[in-house]
Amino acid sequence: MVELIPSQDAVMQILKRTEAFREGHFVYPNGKHSPHYFQMPLAFRYYDTARVLAVALSRKFRLEKDISSQLPKVSMISPSSGGIPVAFGVRDALNAEQIYWAEQENGKRMFRQYVNQGEINPCIIVDDIIRSGNAIDESVDLVKSLVARIIGCGAIVKFDTAPDEIEGVPIKSLINFDVRMYESDQSCTECKDNVKTEHVRF
Ligand SMILES: [Zn+2]
């Protein structure tokens, strides 16, 4: 059976339709300007859309022999709350055994579940979007501290500013996004064109 993975364009259409991706003139809390804005949970508010995206990402993982050969004894790991619906959706599609997710606690990323060394299966780290890769890096440290192996990593959207691999594992994504981020209003094209600004959260 041939399992189709939707094209980058098809995925982008879903994100636009659900307003998870918008174009305009956005100002982030760190003062940077950008002509684009992702708010991935808007795509995951619809069950059908969430399922299409998660199944598509799961197919990319299933193609990896190191992952397919270990199922169902695999853990899905979400670095943040945004990745939780992705982790559950991909878990369903792969029939993986466990799900863990992390939260920020006093500025430190910790697993929500209290777990001991040796309790976690080989891990696939999934998020909704990977921007710098910091959250992924911190999750890698968490997983390693519990002596688990990382066999996969991926997100619906990956910025080109994020690394292409972690721990020798390629980072999978449905969209590789060419980021346009301006350090300040001086360098911003939309500012020069007097496009109305909108202040947004990350
Ligand atoms: Zn601007």
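No hydrogens, no waters, no symmetry mates; every other heavy atom, side chains included, goes into these values. Remember, it's 1-based here, ligands and their atoms both numbered in the order they're listed.
For the pair Lys32 and Glu183, the salt-bridge criterion is met [side-chain N within less than 4.0 Å of a carboxylate O]. Ionic pairing of Glu97 and Arg91 is not present here: no N-O contact between side-chain nitrogen and carboxylate oxygen is shorter than 4.0 angstrom.
Residues meeting the salt bridge (Lys or Arg N to Asp or Glu O under 4.0 Å) test with Asp137, sequence neighbours left out: none. Residues passing the side-chain hydrogen bond (donor to acceptor under 3.5 Å, both in side chains) test with Glu190, sequence neighbours excluded: none.
Between the side chains of Gln13 and Asp9, no donor-acceptor pair is found at a separation under 3.5 Å.
Annotation: protein N, O or S atoms under 2.8 Å of the Zn ion (ligand 1) (waters excluded) comprise His25 NE2, His33 ND1, Cys188 SG, Cys191 SG.
The list of side-chain hydrogen bond (donor to acceptor under 3.5 Å, both in side chains) pairs with a residue in residues 165-174, not counting sequence neighbours, reads Glu64-Lys172, Lys144-Glu167, Ser173-Asn176.
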